[in-house]
Amino acid sequence: MTIDINAVEALDRDDPLAGFKIRFDLPEGVIYLDGNSLGAALHASYAEIEKAAKLEWGRDLIRSWNTAGWFALPLTLGDRVGRLIGAAAGQTAVTDHTSANVYKALHAALGLNAGRKVIVAESSSFPTDLYMAEGVMATRPGTVMRLEGVDGPRIEDLIDESVAVVLINHVNYKTGALRDMAALTKRAHDVGALVVWDLCHSAGALPVELDRCNVDFAVGCTYKYINGGPGAPAFIYVAKRHQEKVSQPLSGWWGHARPFGFEQGYDGGAGILRFLSGTQPILSLRALSAALDLWDEVDLAAIRRKSIALTDLFIALVEARCGAYGLKLDGPRDGARRGSQVSFEHEGAYQIMQALIERGVIGDFRAPATIRFGFTPLYTSFGDVWNAVDVLHDVMETGVWREARFAVRSAVT
Ligand SMILES: *Cc1c(COP(=O)(O)O)cnc(C)c1O
């Protein structure tokens with residue numbers, strides 16, 4: 001199949017999501033393919049942050065905790081994130097970072113399944129999940145971790161009657177491989193295990209159905225596909241059926257039933273409230289709130305259709321035009337099994353990405369040898385995909401990526 005620019009332009013003309021791009025503040029001359037790491041800025045978020053800062057903080061001062069709804073934001077925004085992840089109201093809170101929420105969810109799950117000592121996870125997991133699991137194990141002697149890729153090739157085969165909880169990434173951060181949430185959750189439940197799904201690379205990238213899949217716990221960030229802003233707080237989902245039975249170890253005052261009672265002794269609040277710990281970053285929550293206003297207008301099925309079309313197109317063009325240069329697809333070829341990103345392996349991956357960034361095509365690098373491109377249907381066009389592959393082709397054909405300056409490493413890759 002040959003794809004030409006006319007076909008690509010036709011895809012953009014027929015794109016029902018094309019109108020969303022102007023709502024984002026994207027710099028001229030940049031093709032941004034890193035929304036899976038940090039979503040782009042919305043014009044509306046600037047206005048919302050300014051309002052929260054100048055009027056609510058500057059003028060109304062401490063009264064804004066009540067009058068501007070600051071105190072309630074973790075739960076009001078939680079319900080709005082809930083719509084993106086298939087969670088009915090009252091089960092999601094926006095709070096803390098994903099790492100802390102993994103810690104809380106794992107403890108809560110182990111507490112519910114107190115007779116069992118095994119955590120199952122993936123060696124290919126985003127590392128912080130495993131680091132946090134290590135921290136959980138350090139406080140619960142006898143708890144052990146069983147890892148896909150170390151203790152067996154398939155996570156399904158590691159889940160048996162000894163397993164308390166399965167901690168699993170919905171979309172793999174490196175390869176973009178998408179897990180079957182319904183099937184794996186059922187597999188765990190069949191042997192009495194609970195599940196914690198990490199949705200960092202699926203929330204806002206594709207429809208997620210936590211309630212329908214009968215998920216127990218989920219966590220995820222809002223600064224990737226949801227476009228909440230750098231360091232925007234994460235979310236945690238706890239199924240209604242578990243809420244009155246669970247506890248979490250970061251038992252701070254924001255999760256207390258009566259925080260302004262200033263009582264002695266912790267008494268966890270009702271429902272999802274008890275998963276809060278302490279004071280939250282209001283300006284960041286307000287940037288997120290503006291992003292969620294935009295999401296209220298978005299059809300997630302349309303997001304998924306365009307995401308698969310963008311990523312399919314990218315793979316086809318890279319393989320057709322850059323196939324000779326040793327780039328090897330590192331992830332699913334079948335769009336139905338892919339999140340909203342595409343990765344390629346190459347020994348010069350780091351330098352290639354630096355050369356692309358210098359030419360305005362921004363993706364990222366993941367050690368040891370992966371270049372990663374995120375496709376965000378709200379602000380990426382089919383023409384962007386075409387142009388990005390043009391630049392990649394140029395970088396590969398000229399060999400410019402071999403220049404020494406592209407090998408200089410920064411802290412964040
Ligand atoms: C980005 C990401 C995180 C980030 O965790 P933070 O605590 O928010 O820094 C966690 N898990 C996965 C799978 C991620 O992709």
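Note that ligands are numbered from 1 as they come in the structure, with each ligand's atoms numbered from 1 the same way. Quick note: numbers below take in every heavy atom, side chains included, and nothing from hydrogens, waters or symmetry partners.
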Passes salt bridge (charged side-chain N to carboxylate O under 4.0 Å, His left out), K21 versus D12? Steps please.
-> CA-CA 12 Å; K21 189 167 190 158; D12 277 328; over 6 Å; no

What's the shortest distance from atom 7 (O) of ligand 1 to any protein heavy atom, and which residue and atom give it?
-> S99 OG, 2.6 Å

Atom 11 (N) of ligand 1 has as its nearest protein heavy atom D198 OD2, 2.8 Å

Heavy-atom contacts under 4.0 Å between D129 and ligand 1: side chain, backbone, both, or neither?
-> side chain

Strictly by modelled atom types, are E122 and N172 linked by a side-chain donor-acceptor pair under 3.5 Å?
-> no

Quick one: CD on Q243 to CZ on F275, what's the gap to the nearest 0.5 Å?
-> 7.5 Å

What's the shortest distance from atom 5 (O) of ligand 1 to any protein heavy atom, and which residue and atom give it?
-> T98 CB, 3.5 Å

Of the protein's non-hydrogen atoms, which lies at the shortest distance from atom 2 (C) of ligand 1, and what is that distance?
-> K224 NZ, 2.5 Å

Within reach of ligand 1, part of C200 (heavy-atom separation under 4.0 Å) = side chain

Ligand 1 N/O within reach of T128 N/O, cut-off under 3.5 Å | no

Looking only at non-hydrogen atoms, which of Y103, Y131, F126 approaches atom 3 (C) of ligand 1 most closely?
-> F126

Distance, nearest 0.5 Å, that separates CH2 of W70 from CG of D60 | 8.0 Å

Check each atom of ligand 1 against the heavy atoms of H201 and keep those under 4.0 Å away; list them by number with element.
-> 15 (O)

Taking every non-hydrogen atom, the tightest pair across G231 and S284 = O-OG, 4.4 Å

Please report which non-hydrogen protein atom sits nearest to atom 8 (O) of ligand 1, along with the residue it belongs to and the distance in Å to one decimal place.
-> Y223 OH, 3.1 Å

Looking only at heavy atoms, which two atoms of R116 and D160 are closest? And how far apart?
-> NH1-O, 4.0 Å

Which ligand 1 atoms, with their elements, are less than 4.0 angstrom from a heavy-atom of N169?
-> 13 (C)

A234 and N101: which non-hydrogen atoms are nearest, and at how many Å?
-> CB-ND2, 3.6 Å

Could you state the interatomic distance from CD1 (I352) to NE2 (H346), rounded to the nearest 0.5 Å?
-> 4.0 Å

